[in-house]
> 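Submitted below is the structure of interest, expressed as structure tokens.
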4 protein chains.
Amino acid sequence: MIDYRIDRGSGVPAYVQIIEQTERALRMGTLRVGDKLPTAREVVAATAINPNTVLRAYRDMEQAGLVELRRGLGTFVTRSLARPEAESDSPLRQKVADWVARARDAGLERADVLALVTAALDVYDNEHDSTTPGDRERKKENA
Amino acid sequence: MIDYRIDRGSGVPAYVQIIEQTERALRMGTLRVGDKLPTAREVVAATAINPNTVLRAYRDMEQAGLVELRRGLGTFVTRSLARPEAESDSPLRQKVADWVARARDAGLERADVLALVTAALDVYDNEHDSTTPGDRERKKENA
Amino acid sequence: MIDYRIDRGSGVPAYVQIIEQTERALRMGTLRVGDKLPTAREVVAATAINPNTVLRAYRDMEQAGLVELRRGLGTFVTRSLARPEAESDSPLRQKVADWVARARDAGLERADVLALVTAALDVYDNEHDSTTPGDRERKKENA
Amino acid sequence: MIDYRIDRGSGVPAYVQIIEQTERALRMGTLRVGDKLPTAREVVAATAINPNTVLRAYRDMEQAGLVELRRGLGTFVTRSLARPEAESDSPLRQKVADWVARARDAGLERADVLALVTAALDVYDNEHDSTTPGDRERKKENA
DNA sequence: GTGGTCTAGACCACA
DNA sequence: GTGGTCTAGACCACA
């Protein structure tokens, strides 16, 4: 069961944080089609945010076609965003685990790690921008 | 000069995006103490957000001790967040560039890449949580 | 409930006046941890300044760790600045009440009274400056 | 010669700080009719603010009838705000010096001291408000 | 209902 | 010219 963590004070709206964390779990395959999301009540208990806020996030994801709200039953994943390359035994995932460990062991904070990756993404995308015109989702995804 | 990209519709407030991008540049050493940030007018020209929104971001960073707003002169970096491990010729940076290239070449989107890294960070931090009690900045940094 | 008075035309920004008055109340113990500040709407009704201006003041105080803004609930004091020496039954407070009464009865205006105290502070601090190097908050507090 | 101290970051405009400090000196008798204020150039050297800012303050005080700007000569005090009760050998001044010393020795900061005095003024003025209707300058002076 | 973001626009402070 | 304050007003986030 996905375990949401809300960072009040990050400036990012709570419902956006729920959506982001859900999408990440979908991409990682942690959450699969048919899986049940926690009830609003459960999220409230874990995060101290208001049930309406949770429902707002779930409703947004329903409109995006990711989940389905079934009255009286719960909220269920209806679409996968999983990538075979992101599976837990993939070499890509092994490698990033090694790299992250190295970075953290060297004293870098989570934010440093994410800054490094974002910078690397920017470099890659700039280089492949004019070359690969089909690659339109680049920059906009995580500006 | 840092070049802000605002993703309207990400749900993340524009002023938060400016702060996040500035902090990333500080961590990467792209922005150094004494550097001038773009004027509110320049950001407006580049991003079509309102000058007040830019100033809100700059003011928040001033209160955080990162920059100084000098009337009539501009806004200047006053504190470094740079890490030697994040320098452009560091092995860590080389490695992440390689890994990102592989991931993107395999067809993963930016969001997939960031999801993989975040998941790796979570795994690492969970493993080192109870072991390394000084490591208190974990989860909260990027919930 | 604290009752803000805005002196338009003093040249001091309205949001600064709100912060100053709040901090004074915190120092005096008039406002304690957990107390609720008036809502932006209430301040607007009482002072005829714009809600955004009130929120600017509250936000600044939140970043200073003095209060917490809770959406939908209100703004609450989170830190005390109270000094036991400033309690209402302290001899110090008795004495200053006597002195102020004498000064006012002698025809001095509020500004005269504050000028006298500021001058006395300057004299004291100059005398104890080089002597007490730990006393670094002197002059800067109220220039 | 009066020695201005500008607290950048207090939120109070620099020219207002100059006026406030000048008025305090006038009330205390530190500055008397005929005295010369420092030249803009001198203030700039001491405070690192722009000469125009100093001139703005001087011009405002000229319009208030406190000083006179004589081209090529300097700026001179033309009106006294001094009160006999505030003279350096007055009992009122002795007393406040004692009280301030006590308060500071007890560990109170400048801001605590000023908060105590302001609170005492508020109490006094509230009590004498309805009683002494001629006392119209009360609250407004230092809101 | 309470706070939060953002805008357009006026006007001010400072260099 | 650059930042700073304030406003009125629209709309959103959260309780």
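Since the structure is predicted, the reported quantities are computational estimates derived from the model, not experimental observations. Chain letters run A, B, ... following the sequence lines, proteins first and then strands; every chain starts at 1.
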> Is B:Asp122 salt-bridged to A:Arg5, cutoff N-O under 4.0 Å?
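Looking at A:Arg5 together with B:Asp122, the answer is no, because their closest N to O distance does not fall below 4.0 Å.
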> Does A:Arg8 have a side-chain nitrogen or oxygen under 4.0 Å from the phosphate oxygens OP1 or OP2 of F:dA15?
yes
> How many whole angstroms separate atom CD of C:Gln17 from atom C1' of F:dT5?
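About 13 Å, once rounded to whole Å.
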> For D:Leu31 versus D:Leu26, what's the shortest heavy-atom pair and its separation?
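Closest approach of D:Leu31 to D:Leu26, heavy atoms only: O-CD2, 3.7 Å.
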> Using atom NZ of B:Lys36 as one end and atom P of F:dT2 as the other, report the distance to the nearest whole Å.
6 Å
> Counting only heavy atoms and a strict 4.0 angstrom limit, can you tell me which residues of residues 45-63 of chain D come near DNA chain F?
none
> Between B:Arg41 and A:Tyr15, which residue's closest nucleotide on DNA chain F lies nearer the 5′ terminus?
B:Arg41
> So, B:Tyr4 versus B:Thr22: side-chain donor-acceptor pair below 3.5 Å or not?
yes
> Just how far, in rounded Å, is P of E:dC14 from CZ of B:Arg71?
5 Å
> Please tell me which of C:Arg70 and B:Arg70 maps to the more 5' nucleotide of DNA chain E, matching each residue to the nucleotide holding its nearest heavy atom.
C:Arg70
> May I ask you to decide if A:Thr39's main-chain N or O and A:Glu42's side chain share a donor-acceptor pair within less than 3.5 Å?
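Yes: the side chain of A:Glu42 pairs with the backbone of A:Thr39.
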> Roughly, in whole Å, what's the span from CD in C:Glu68 to P in F:dA15?
12 Å
> Can you tell me if C:Gln63 uses its side chain to pair, donor with acceptor, with the backbone of C:Asp60 under 3.5 Å?
no
> Give a yes or no on whether the backbone of D:Ile19 and the side-chain of D:Arg24 come within a donor-acceptor separation of less than 3.5 Å.
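Absent.
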> Measure the spacing between CD of D:Glu68 and OG1 of D:Thr78 and express it to the nearest 0.5 Å.
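Atom-to-atom, D:Glu68:CD and D:Thr78:OG1 are 6.5 Å apart.
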> For C:Gln17 and C:Ser10, does a side-chain donor sit closer than 3.5 Å to a side-chain acceptor?
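Distance-only check passes for C:Gln17 and C:Ser10.
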> Return one dot-bracket line describing DNA chain E 5' to 3' (Watson-Crick or G-U wobble pairs, both distances under 3.5 Å; ( ) same strand, [ ] crossing, | another strand, . none).
||||||||||||||.
> Between P on F:dG4 and CG on B:Leu69, what's the gap in Å once rounded to a whole number?
4 Å
> What is the distance, to the nearest angstrom, from the CG atom on C:Asp7 to the P atom on F:dC6?
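The distance from CG of C:Asp7 to P of F:dC6 comes to 13 Å, rounded to the nearest Å.
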> Can you find a side chain N or O atom of B:Thr75 that sits less than 4.0 Å from OP1 or OP2 on F:dT2?
no
> 5'-most contact on DNA chain F: C:Ala14 or B:Gly72, nearest heavy atom basis?
B:Gly72
> So how far is it from B:Thr53 OG1 to B:Arg56 CZ, rounded to the nearest 0.5 Å?
9.0 Å
> Where the side chain of B:Thr39 is concerned, which of F:dC6, E:dA13, F:dG3 is the nearest nucleotide?
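For B:Thr39, the side-chain atoms sit closest to F:dG3.
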> How close or far is atom C1' of E:dG3 from atom CD of C:Glu42, stated in whole angstroms?
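Value for this atom pair: 13 Å.
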